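Below is one structure; the comments refer to it alone.
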Amino acid sequence: MATTTPESVVRTYYELVDAARYDDLVRLFAEDIRYERPGQPPIEGRDALREFYESGRPLEDGSHEIHSVIVEDLTAAVRGSFTGKQHGEQVRFGFADFHEFENEVITRRYTYTDRDEV
């Protein structure tokens with residue numbers, strides 16, 4: 001991967017997830033990525049992450065709007081909103097994501113939303 005900043009990587013992440021470009025998306029993550037969402041088991045490893053995006057993610061046909069990105073050291077915090085469908089129903093909700101980096105890839109990711117389940 002070319003030299004990048006945590007902010008440019010997370011902005012690219014949202015573009016790729018919205019475009020359903022999962023092969024490119026998983027390359028932003030370390031092989032041993034750990035993705036945590038409250039109330040749900042963690043997703044561990046690139047293969048599991050790809051499977052989640054391809055078939056386990058309850059969101060579809062949507063887009064992310066980034067309101068702010070704050071980077072401190074090797075952590076990028078993102079606040080935004082998502083508009084799309086969840087289980088066939090139109091939804092809009094706020095989120096906060098935290099991405100921890102090492103060697104220009106995301107090693108840990110945490111998501112918090114203002115919905116019970118995402």
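Quick caveat: nothing in here was measured; it's all calculated off a predicted structure. All heavy atoms count here, side chains included; hydrogens, waters and symmetry mates do not.
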Atom [atom1] of [X] and atom [atom2] of [Y]: how far apart are they, to the nearest 0.5 Å?
X: E15; Y: D24; atom1: CD; atom2: CG; result: 11.5 Å
X: E100; Y: I33; atom1: CD; atom2: CD1; result: 9.0 Å
X: R50; Y: R27; atom1: CZ; atom2: CZ; result: 7.5 Å
X: L49; Y: E54; atom1: CG; atom2: CD; result: 10.0 Å
X: Q86; Y: D61; atom1: CD; atom2: CG; result: 12.5 Å
X: F29; Y: I106; atom1: CZ; atom2: CD1; result: 4.0 Å

message: Quick check: do T5 and V71 have side-chain heavy atoms less than 4.5 Å from each other?
response: no
query: If we only count heavy atoms from C-beta on, is the E31 to V105 side-chain gap below 4.5 Å?
result: no
Contact summary for [X] and [Y], nearest pair of heavy atoms:
X: L59; Y: F93; result: CD1-CZ, 3.8 Å
X: I66; Y: V78; result: CG2-CG1, 4.0 Å
X: F82; Y: K85; result: CE2-N, 4.3 Å
X: V17; Y: H64; result: CG1-CE1, 3.5 Å
X: D18; Y: G62; result: OD1-O, 3.7 Å
X: V10; Y: A76; result: CG1-CB, 4.0 Å

Are [X] and [Y] connected in the hydrophobic side-chain network, where two residues link if heavy atoms are under 4.5 Å apart?
X: V26; Y: Y110; result: no
X: Y112; Y: I70; result: no
X: V9; Y: V69; result: yes

task: Just grab all the side-chain hydrogen bond (donor to acceptor under 3.5 Å, both in side chains) pairs involving residues 66-77, residues at least two apart or on different chains.
output: H67-S81
query: Is it the case that D97 and Y13 place a side-chain donor and acceptor less than 3.5 Å from each other?
result: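 Looking only at side-chain atoms, Y13 and D97 do not form any donor-acceptor pair under 3.5 Å.
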task: Under the ring pair (Phe, Tyr, Trp, His ring centres under 6.0 Å) rule, collect the residues that match up with Y53, sequence neighbours excluded.
output: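 Applying ring pair (Phe, Tyr, Trp, His ring centres under 6.0 Å) to Y53 gives Y22.
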- request: Using a cut-off of 6.0 Å, state whether more than 12 heavy atoms not belonging to Q90 lie near its atom CD.
  value: yes
- prompt: Just wondering, are more than 12 heavy atoms of other shown residues or ligands nearer than 6.0 Å to CD in E65?
  reply: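 Enclosed: over 12 neighbouring heavy atoms sit under 6.0 Å from CD of E65.
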query: Is R11 close enough and on-axis enough to Y14, meaning under 6.0 Å and within 45°, for cation-pi?
result: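 Not satisfied by the 6.0 Å and 45° rule.
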